[in-house]
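Okay, so here's the structure we're looking at.
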Number of protein chains: 2
Amino acid sequence: MQDDISSSRRSRVPSCAGEFRQDSSIETGPSADRMTVDVTAAVIALRDEQPVVLIQGKADGETVALPCESYRACVHASLEDAIRDRIVAQMGIRLGYIEQLTTDLKTQAPERGALMRTAPGLSVGYLGLLRLEGNAAAQAAPWMNCYEFLPWEDWRRGRPEILSATLLPRLLEWAAGETPQERAASELSRHDRLRIAFAIEGGKWDDERVAERLDILDAAGLVPVSALRQMRADHRRILAAALARLRAKIRNRPLVFELLPPEFTLFELQKTVEAILGPHLHKQNFRRLVEGTGLVVSTGEVRTHTGGRPAKLFRFRREVLLERPAPGVRVKAGRAA
Amino acid sequence: MQDDISSSRRSRVPSCAGEFRQDSSIETGPSADRMTVDVTAAVIALRDEQPVVLIQGKADGETVALPCESYRACVHASLEDAIRDRIVAQMGIRLGYIEQLTTDLKTQAPERGALMRTAPGLSVGYLGLLRLEGNAAAQAAPWMNCYEFLPWEDWRRGRPEILSATLLPRLLEWAAGETPQERAASELSRHDRLRIAFAIEGGKWDDERVAERLDILDAAGLVPVSALRQMRADHRRILAAALARLRAKIRNRPLVFELLPPEFTLFELQKTVEAILGPHLHKQNFRRLVEGTGLVVSTGEVRTHTGGRPAKLFRFRREVLLERPAPGVRVKAGRAA
DNA sequence: GTAATAGTGTCTTTCAGACAGTATGAC
DNA sequence: GTCATACTGTCTGAAAGACACTATTAC
């Protein structure tokens, strides 16, 4: 690995690499400026009314990892294919929906004494969605409940215990420990960041601020709390970003149906939405909301043995894509703290 | 550049590069699998009630480019810093808001006869926002109206002329030219994609589907129409992604204020929102919307010489961040076609 | 005064959210 | 019959959207 001191800050105006390049010896630069690229996916599915995420290998108390792959230009046609192919090769699962999240530098903590001569690396995150029903390979793969890694995000049984009992008191300490220098350097105080992200002091819990909350917990050193499943730090971030994106998008695009079987009852649909977003709507209103907007249509069939009156089966009404600009389960954001 | 045939598809389960690496000779792989990384920004500002984008150099009828930089791990602390530093170095402008868009493989059209020995590359796009007021360096920099590159997106004076006159007829031809094979391979027909993206046949124009529309126009070969300013294809995509992101986010986050001076009249605020989104609201309702939600607060000052009655000046009310989960200019999506 | 822009009051429609109540199965 | 779940009807309050109207400047 050779250093490239000559390439420090320039004031001339270099045009960056054009679309069509022919002279690689000039354009590509020294290898020190080339990066390895990892592609990682948080693939989310629904099992037993729980949002679950596909993991790598088994989780016997060890640090869990998401499926990931090193991108190789000579092998993979695209970044997306790299992670798709990886999951097919390893588990025989073909992903349905896939969507890019963010790209970050790979974190490399400097090791004491050891000279870090690793190549600089990029990490591209993806959100994947998968329907488990009727997919034996997928059902055989290792999944874990998303909320084991982000337990403060699960509001289905009210405010999560871990928040009030463990995290909030320690977060308030963290906020109190802010130095004047830090306060002056940042636009928002630690306390205000807490108020916005964690809805303390009467704010509203914004279910989409998943990544922001993980950032704060990280900064406060609270991620290695005992109640939490361990996961590679960068992968937990990708999972948080995936959950945030899914929560945001489920409201505007018909993404829930990627998780459900083709036919489902309205109550199953509601349970699925609530597994992702938290409890939002009374049953009656949810029905009206989702039927009234033309998002689903009855198949005429019913499901018996529900424990009570048989439930009508519904299917996603694809035509809604042509009718409404942003079809999704339009439940409101924000809830009382 | 050496080939690495041994690295083709594997069925074993390789763990991808861990967080902390020590042995670079094993982990980094051959240089063939390392990528050059470009970082490109669509920096948007407001000038004379027009949304403008910062461009590279002058545009004398040539193909326009956005500011971009090759990421160098030894120079730039982060991807974001790479583009920030670039814009400071070249134009002396310090960006305010910045946000990552998507990461794609750099397009490399194979040249006839020429052996393409370029390194594979990634391109990371960014959206930047800038306030021109009181920023001499920024005012001196070269800007162009965003809608010169995406004229079909400007609905401020009603349905854009270029749509009905030039694009739609040719798009319908394109839709009619769909082969049965293509139809079978894709979930949506060309015609349905048109209906969704371009709101033909009574659909609603979804102002956030900017990238989708550019994709279709590209596929139909319509981007090099004469009425359009030429821009590097990959940069036009980044601009489209930036506009889409800005349109989506302006509704949920107080982003408009990054474009406006600290004090402004409500009409100026409305004009700014409309420059980005298109005409959405009657003046009276816009006032109520934006004042009623506590997004802005009167400073007590007025602006005279407006041509009529003096207008009260307002400023962004930062406290709204603490009160509401998703504060933004909550105008509705979708409009009649 | 007129012209032009700024700003207010109010009506209607829509819809989220909550309530009470009915329907149909398993047992 | 009871119990549990599925489903329907209706009320209320908030807010979107449209309209008519008043206010304050420049000229």
Side-chain angles (χ1 to χ4, degrees), chain A residues 49 204-205 207 251-252 263-274 277-314 323-336, chain B residues 49 204 207 251-252 263-274 277-314 320 323-336:
Chain A
E49 300 188 353
K204 298 261 187 198
W205 183 269
D207 53 27
R251 298 190 157 95
N252 303 314
E263 301 203 341
F264 45 83
T265 69
L266 289 186
F267 194 52
E268 287 165 353
L269 175 58
Q270 181 173 3
K271 281 289 183 200
T272 306
V273 172
E274 289 184 346
L277 292 179
H280 266 269
L281 281 175
H282 290 190
K283 209 179 202 169
Q284 306 93 316
N285 295 330
F286 185 85
R287 296 184 64 81
R288 183 183 44 191
L289 195 68
V290 89
E291 237 187 318
T293 54
L295 202 61
V296 298
V297 66
S298 169
T299 64
E301 314 273 298
V302 291
R303 165 161 306 158
T304 49
H305 298 276
T306 57
R309 171 177 173 174
K312 283 189 207 158
L313 286 173
F314 288 79
E323 298 163 0
R324 290 192 20 225
V329 187
R330 308 203 66 86
V331 295
K332 278 281 170 71
R335 54 184 35 270
Chain B
E49 298 187 356
K204 297 262 186 197
D207 52 28
R251 299 188 157 97
N252 303 313
E263 302 203 340
F264 45 83
T265 69
L266 289 185
F267 194 53
E268 285 165 354
L269 175 58
Q270 181 172 4
K271 281 289 183 199
T272 305
V273 172
E274 288 184 347
L277 293 179
H280 267 268
L281 282 174
H282 290 190
K283 207 182 206 167
Q284 305 93 316
N285 295 330
F286 185 85
R287 296 186 64 81
R288 185 184 42 193
L289 194 69
V290 89
E291 238 186 318
T293 54
L295 203 62
V296 298
V297 65
S298 168
T299 64
E301 314 273 299
V302 291
R303 165 159 308 158
T304 48
H305 298 276
T306 59
R309 172 176 171 173
K312 283 190 207 156
L313 287 173
F314 289 78
V320 78
E323 297 162 1
R324 290 189 23 222
V329 187
R330 307 202 67 86
V331 296
K332 279 280 170 71
R335 52 182 40 268

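Chain letters run A, B, ... following the sequence lines, proteins first, then strands; residues in each count from 1. Just so you know, these numbers use all the heavy atoms, side chains as well, and skip hydrogens, waters and symmetry mates.
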From NZ of A/Lys271 across to C1' of D/dT5 the rounded distance in Å is 12 Å
task = Determine: side-chain N/O of A/Lys312 to OP1/OP2 of D/dC7, distance under 4.0 Å, yes or no.
result = no
Considering only heavy side-chain atoms of B/Gln284, the closest of D/dA6, C/dG17, D/dC19 is D/dC19
Residue pair B/Thr306/A/Glu291 against DNA chain D: nearer the 5' end by closest nucleotide is A/Glu291
Taken to the nearest whole Å, CZ/B/Arg251 to C1'/D/dA15 is 17 Å
- May I ask you to test the A/Gln270-A/Val290 pair for a side-chain heavy-atom distance under 4.5 Å? no
Closest of D/dT24, C/dG17, C/dA26 to the A/Asn285 side chain is C/dG17
Is there a donor-acceptor pair under 3.5 Å between the side chain of A/Arg303 and the backbone N or O of A/Thr265?
no
Is a donor-acceptor pair below 3.5 Å formed from side chain B/Arg288 to base C/dG9, judging by atom type as modelled? no
**Asked** Do A/Leu269 and A/Val296 come close enough that some side-chain heavy atom pair is under 4.5 Å?
**Response** yes
So do B/Val273 and B/Phe286 actually touch side chain to side chain, heavy atoms under 4.5 Å? yes
Rounded to whole Å, CZ of A/Arg309 lies from C1' of C/dT24 at a distance of 5 Å
Sorted by position of nearest nucleotide on DNA chain D, 5' first, the leading residue of B/Gly308 and A/Ala311 is A/Ala311
Original post:
Would B/Thr272 and B/Phe264 count as a side-chain contact (heavy atoms from CB on, under 4.5 Å) if you check the C-alpha gap in whole Å, the side-chain angles of each, and the deciding distance to 0.1 Å?
Top reply: CA-CA 10 Å; B/Thr272 305; B/Phe264 45 83; over 6 Å; no
Separation of D/dC19 atom P from B/Phe286 atom CZ, nearest Å, is 19 Å
Against the side chain of B/His305, the closest entry in D/dA26, D/dT24, C/dG25 is D/dA26
When rounded to whole Å, the NZ to C1' distance for the pair A/Lys283 and C/dT22 reads 14 Å
Atom CG of A/Leu269 and atom C1' of D/dA6 are separated, to the nearest Å, by 15 Å
Taken to the nearest whole Å, CG/B/Leu313 to C1'/D/dT25 is 15 Å
Per atom distances to the B/Leu289 side chain, the nearest of D/dA16, C/dA6, C/dG17 is D/dA16
query: Can a side chain N or O of A/Arg287 be found less than 4.0 Å away from OP1 or OP2 on D/dA6?
result: no
### Message
Does B/Leu266 reach a base, just sugar-phosphate, or nothing at all? Heavy atoms under 4.0 Å.
### Response
nothing
